[in-house]
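Only this structure's heavy atoms are used, side chains among them; waters, hydrogens and symmetry mates stay out. By convention here, the first residue in the shown sequence is residue 1.
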Amino acid sequence: MSWLEPEPFLRGTAWRDGDRPVRADPADLGRLPWDIAERAALPIGVRVEFRAEPGTSAVELRYRAAAPAAGDELRALRHAFALWRDGRCVTEVFAEPAEEATVRLRLPPGGGEFTVHLPEAQAPVVRGVRAVDGALSPAAARPRWLVLGDSITEGWWATRPAHSWPAAAGRALGLDPVNLGYAGGARGELPLAEQLSRLPGELITLAFGTNCWDRAPATPEWLHATVRSYVRLIRRGHPRTPLLLVSPVLRPAAEHTRNVLGATLTELRRAMERAARELVAAGDDRLLVLPGRPLLGPEHLADGLHPNDAGHAALGRAVTSALRAYA
C-alpha cells in the first residue's frame, strides 16, 4: 500500500511550522523567552492515532528525526515508539535515531483503534503512514484539551511519554490532550495566554507556579495579579470554555523556604488559588481550582520536584476527577 499523508492521523498538535508540529505560535515567537521557544520546538505529546481493519498485521511510520552526533549524551536516550490500545501498551519498538527512517509496529489481531506515542527528544516528524496486509483510517477526532504548564506537565521523569499526567488523564477522559508544558517555563508569561486564547479547544488546564519560586522568583502579590491577568486574556478567546487551574504540587525544599523576594511556595500557591476563587466569586462559573499540595506525597517525587510514574498517575487521576463533569 502507498504512503498516506500523516496530517489526518496526528493528534496532540497545536501549531505547525512547515511540516513540523510545534507548541507555540511560530508567528509570535519573538515575544516569548528563548527557553520556551526552544522547548516549543519539541513535539511533546504528539501522537499518531488510527483505526486498523481486521487482518492488518502492522503499521509503518516513515519519519525524520534529529540524529545525535557521536558522543552526544542524547544518544543514550532510547528511541521508543510505543503502541497502545484500550488504555494499555501493546508493544514498543526501539530504533536508532536517523534523519530518515521507517519503523514497523506489529498489531494484535482483530483490528481496532490504536495510538502510537512517538519518541520526543529527537523531535521526530512523521512523513507518512501505511498499513501492512490491510487498511488504516484516521481515528475519530476527540475533544481537544489544552494543557499549559512547566516541566511537570511536559512529563519530566515519567519513563515514557504515555505515562505523563496529561497523557494518562487524556486517555481516562477520552480527550485529545495538547501538551503545552515547557520545562523551566510557565512563569506567568502573558504572551502564552494570548496564544492560548487563539487556539481551538474544548477544555483548558493551567498547571504552573513552581518556577515562580526560584527560576523567576515572584511575590504572592505579583503571582495573584498574574493569574487574574492570565485568565482574563484566555477568556478573550474562550469565554465559556471550562478552565481548570492546578496550583503547584508538593516541593519539599520550597514549601517553607523563602525565595530571594521573601516568598515561600506555600504562600505563592495560596495566592494563585485565591486569585482563581475571586474570579469564580465574580462570576466565572466555568473556572475550577484544584489545590496541588495534597495531590502528591514525597514518595511520588523522583528528585524532590518532578513526579515519578506513580506521581504522574496520581496527578492524572486527580485531574481526571476534577474534569469528569466537563469531558
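For the atom pair CZ (R142) and CD (E202), the distance works out to 12.0 Å, reported to the nearest 0.5 Å.
Each of W84, F50, F81 was evaluated against F114; a single residue qualifies, F50, per the ring-ring contact (aromatic ring centres under 6.0 Å, His included) test. Results of the salt bridge (Lys or Arg N to Asp or Glu O under 4.0 Å) test with D176 over R11, R47, R171 single out R47 as the only residue that passes. W156 pairs in a ring-ring contact (aromatic ring centres under 6.0 Å, His included) with only one of the listed residues (H163, H312, H306), which is H306.
Counting only heavy atoms from C-beta outward, the side chains of Y230 and L192 approach each other to under 4.5 Å. A heavy-atom distance below 4.5 Å is not found between the side chains of L196 and H238. P307 places a side-chain heavy atom less than 4.5 Å from the side chain of I152. Counting heavy atoms from C-beta on, the side chains of P161 and I44 never come closer than 4.5 Å. Residues V249 and R293 fail the side-chain proximity criterion, which asks for heavy atoms closer than 4.5 Å. Using a 4.5 Å heavy-atom threshold, the side chains of E194 and D25 count as separate. When side chains are defined from C-beta on, Q195 counts as touching W15, because their heavy atoms get closer than 4.5 Å. In this structure, the side chains of L243 and T241 stay at 4.5 Å or more apart for every pair of heavy atoms.
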**Message:** Walk me through whether D309 and R160 qualify under salt bridge (charged side-chain N to carboxylate O under 4.0 Å, His left out).
**Reply:** CA-CA 9 Å; D309 278 349; R160 294 287 188 275; over 6 Å; no
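In this structure a side-chain-to-backbone donor-acceptor pair under 3.5 Å is present from T56 to A135. Looking only at distances, a side-chain donor or acceptor of S57 sits under 3.5 Å from a matching main-chain atom of V132. At distances below 3.5 Å, not a single donor-acceptor pair connects side-chain atoms of T115 with backbone N or O atoms of E49. In this structure a side-chain-to-backbone donor-acceptor pair under 3.5 Å is missing from N211 to A183.
Criterion: ILVMFWY side-chain heavy atoms under 4.5 Å apart, direct or through other members. Under it, Y326 and V289 are not part of a common hydrophobic cluster. Linking Ile, Leu, Val, Met, Phe, Trp and Tyr residues whenever their side-chain heavy atoms come within less than 4.5 Å places L10 and V59 in a single cluster. Linking ILVMFWY side-chain heavy atoms closer than 4.5 Å, directly or via other members, places L136 and Y63 in a single hydrophobic cluster. Under the 4.5 Å side-chain heavy-atom criterion for ILVMFWY residues, a single connected hydrophobic cluster contains both L265 and W222. Linking Ile, Leu, Val, Met, Phe, Trp and Tyr residues whenever their side-chain heavy atoms come within less than 4.5 Å places L290 and L250 in a single cluster.
Taking the charged nitrogens against the carboxylate oxygens, E255 and R269 do have a contact shorter than 4.0 Å, which makes a salt bridge. Classification of R104 and E60 as a salt-bridged pair holds, one side-chain N sitting under 4.0 Å from a carboxylate O. Between R240 and D285 there is a salt bridge, since at least one side-chain N of the basic residue sits less than 4.0 Å from a carboxylate O of the acidic one.
Atom CZ of R232 has 12 or fewer neighbouring heavy atoms from other residues, nucleotides or ligands inside a 6.0 Å radius. Heavy atoms of other residues, nucleotides or ligands lying less than 6.0 angstrom from CZ of R85 number more than 12. Heavy atoms from other residues, nucleotides or ligands lying under 6.0 Å from CD of E278 number more than 12. The number of heavy-atom neighbours closer than 6.0 Å to CD of E99, taken from other residues, nucleotides and ligands shown, is 12 or below.
Listed by first and then second residue, the salt bridge (charged side-chain N to carboxylate O under 4.0 Å, His left out) pairs that reach into residues 14-23 are E7-R16, D17-R20, D19-R64, D19-R127, R23-E154, sequence neighbours excluded.
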